[in-house]
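To start, the structure itself, in structure tokens.
Every number for a ligand or one of its atoms is a count from 1 in the order of the listing. Heads up: numbering here begins at 1 and tracks the sequence.
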Amino acid sequence: MSQSKFATLAVHAGQQPDPLTGAVNVPVYLSSTFELTGIGTDRGYDYSRAGNPTRAHLEEALAAIEGGTCGHAFASGMAAIYALVATLRTGDHLICSHNVYGGTTRLFNLIIQHYGIEIEYVDTANLDAVKAAIKRNTKLIHIETPTNPLMVLTDIAAVSEVAHAHGVEVSVDNTFMSPALQSPIALGADIVMHSTTKFLNGHSDGLGGALIGTKPEHKERFLLVQKAAGGIMSPFEAFLVMRGIKTLPLRMKQHEENGRAVAEFLSTQSKVTRLAYPGLKSHPQHELAKRQQRGFGSMLSFDLGSREKAGKFLGAVKLFLNAESLGGVESLASHSATTTHFALTDAEREKVGITQGLVRLSVGIEDKDDLIADLEQALAAV
Ligand SMILES: *Cc1c(COP(=O)(O)O)cnc(C)c1O
């Protein structure tokens with residue numbers, strides 16, 4: 001199975017027919033507890049916080065499609081990031097990409113920092129800045145590439161090489177690309193993190209998160225956090241994510257095709273500035289995107305100049321829904337400064353370039369001509 005190609009793994013890894021009935025889908029095991037076979041013996045499961053068969057199948061699928069050795073599913077992407085840093089200790093130093101998902105900085109600044117963990121935000125697109133930031137107590141470099149919403153890339157292989165030379169681990173938030181378009185572990189990363197809420201589940205109907213590790217101690221650590229802190233994914237959500245993974249390769253092909261078409265259209269529009277899409281030759285890291293990714297995805301952002309203009313645009317789109325989140329089959333448009341990055345202060349947003357005129361698109365799998373027509377009429381209203 002592990003020798004199979006990606007689209008085959010997406011359909012089959014972890015998703016074998018049920019041995020009891022032959023059902024081709026993994027059953028949803030709605031059981032909090034499991035009958036033991038004796039004192040201290042069981043059939044592999046005793047209590048669903050520690051392990052649930054439906055979740056276990058998803059976890060196996062996640063490990064396979066990311067090329068890791070263990071998968072761990074959590075209640076949300078944030079619960080997964082929390083689990084990632086939960087085993088750091090007072091005095092440890094954590095380096096984080098400087099313009100990550102707003103929820104990540106909220107967790108680090110308002111909660112994790114109070115545990116005496118030193119957190120340093122670094123422009124990880126700049127390798128020298130990463131080298132300069134590594135200290136004796138650095139334990140983890142957490143990167144997100146491309147970043148939300150400005151689509152800045154970090155060279156995963158280069159950062160991993162530098163980190164490993166200092167005995168530091170690298171975790172990559174792979175939510176924006178999905179394993180269909182980017183394989184951080186193959187590039188040298190130690191841990192992959194996902195908000196399965198987005199492309200993996202793909203239908204905007206369930207929240208979830210995941211960590212995929214590469215070492216026995218990852219399995220031990222993440223299992224401990226699942227069991228001890230309890231922020232695990234429910235069996236029903238695990239079923240939904242498994243269903244989503246089966247069509248991930250197909251969906252990503254259409255997301256990709258539509259994303260490129262929309263980016264090319266927007267690049268011809270005079271009202272649009274600072275268009276950020278790694279698939280455009282004008283993107284400063286286009287070459288890195290070609291080398292590191294197997295496509296450019298369907299996330300992009302652009303600036304309309306002011307909050308008022310962004311508001312007019314978001315009020316005028318019809319097919320694109322004015323909503324946060326991303327990665328579902330439907331196209332979404334959102335105002336980053338007041339949604340995903342609302343938790344940041346004005347100064348912090350200014351520093352990373354999230355202006356009041358910035359609009360982010362998650363391009364869905366509808367007909368691309370219809371999507372472009374919708375954007376055209378909405379731009380006319382600006
Ligand atoms: C949405 C998102 C998260 C958080 O995931 P939730 O499932 O909403 O908790 C983390 N990172 C990225 C890049 C995201 O887009």
Side-chain angles (χ1 to χ4, degrees), residues 58 62 66 71-86 96-112 121 124 140 142-154 156 171-182 184 189 191-212 225-226 229-234 236-238 240-241 244-245 252 255 259 276 278 293 297-301 323-328 332-336 339-344 352 354 358 360-364:
L58 168 66
L62 289 166
E66 280 291 1
H72 299 269
F74 295 88
S76 67
M78 291 321 304
I81 301 183
Y82 180 77
L84 172 71
V85 296
C96 179
S97 290
H98 76 156
N99 61 0
V100 288
Y101 180 71
T104 305
T105 41
R106 175 170 48 205
L107 170 68
F108 288 177
N109 295 349
L110 302 184
I111 297 179
I112 301 302
Y121 295 98
T124 53
L140 180 69
H142 180 68
I143 62 186
E144 195 178 306
T145 177
T147 57
N148 175 27
L150 296 167
M151 308 307 291
V152 178
L153 274 68
T154 288
I156 298 171
S171 56
V172 179
D173 184 334
N174 202 23
T175 301
F176 264 39
M177 282 290 106
S178 91
L181 300 182
Q182 179 167 274
I191 298 161
V192 170
M193 174 261 145
H194 274 286
S195 165
T196 65
T197 312
K198 319 296 169 52
F199 289 104
L200 284 176
N201 185 56
H203 295 73
S204 308
D205 52 10
L207 251 75
L211 292 176
I212 294 98
V225 184
Q226 285 184 305
I232 42 109
M233 186 185 286
S234 81
F236 184 67
E237 251 80 13
L240 287 179
V241 178
I245 287 173
M252 291 314 290
H255 277 299
Q293 304 171 181
S298 65
M299 298 304 300
L300 56 90
S301 67
E324 34 182 321
S325 198
L326 60 110
L332 304 177
S334 68
H335 187 239
S336 300
T339 56
T340 52
H341 288 69
F342 188 60
L344 269 62
V352 294
I354 297 167
L358 194 80
R360 187 191 78 182
L361 299 185
S362 170
V363 183

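There is no side-chain donor-acceptor pair under 3.5 Å between T147 and E144. Between T145 and T154, the side chains place no donor N or O within less than 3.5 Å of an acceptor N or O (distance only, hydrogens not considered). When only modelled atom types and interatomic distance are considered, E66 and H194 share a side-chain donor-acceptor pair under 3.5 Å.
R360 places none of its side-chain heavy atoms less than 4.5 Å from the side chain of L300. Within the 4.5 Å cutoff, the side chain of I112 has heavy atoms near those of the Y82 side chain.
Listed by number with element, the atoms of ligand 1 under 4.0 angstrom from any heavy atom of E144 are 13 (C). Residue-ligand proximity, G208 to ligand 1, at heavy-atom distances under 4.0 Å covers atoms 7 (O). Near T197, meaning under 4.0 Å from one of its heavy atoms, ligand 1 places the atoms 7 (O).
Of the heavy atoms in T196, none comes closer than 4.0 Å to ligand 1.
For the pair T104 (side chain) and V100 (backbone), a donor-acceptor distance under 3.5 Å is absent. Using modelled atom types, no side-chain atom of H341 and backbone atom of I354 make a donor-acceptor pair closer than 3.5 Å. Under a 3.5 Å cut-off, the side chain of S76 and the backbone N or O of G208 do not form any donor-acceptor pair.
Close N/O approach between S195 and ligand 1 is found [any backbone or side-chain N/O within under 3.5 Å]. In terms of N/O distances under 3.5 Å, ligand 1 is approached by M78. Between G77 and ligand 1, at least one N/O pair is under 3.5 Å apart.
Closest to atom 4 (C) of ligand 1 among all protein heavy atoms lies Y101 CE2, 3.4 Å. Nearest protein heavy-atom contact of atom 1 (C) of ligand 1 is K198 NZ, 1.4 Å. What sits closest to atom 11 (N) of ligand 1 on the protein, heavy atoms only, is D173 OD2, 2.7 Å.
For L326, the closest heavy-atom approach to ligand 1 falls below 4.0 Å.
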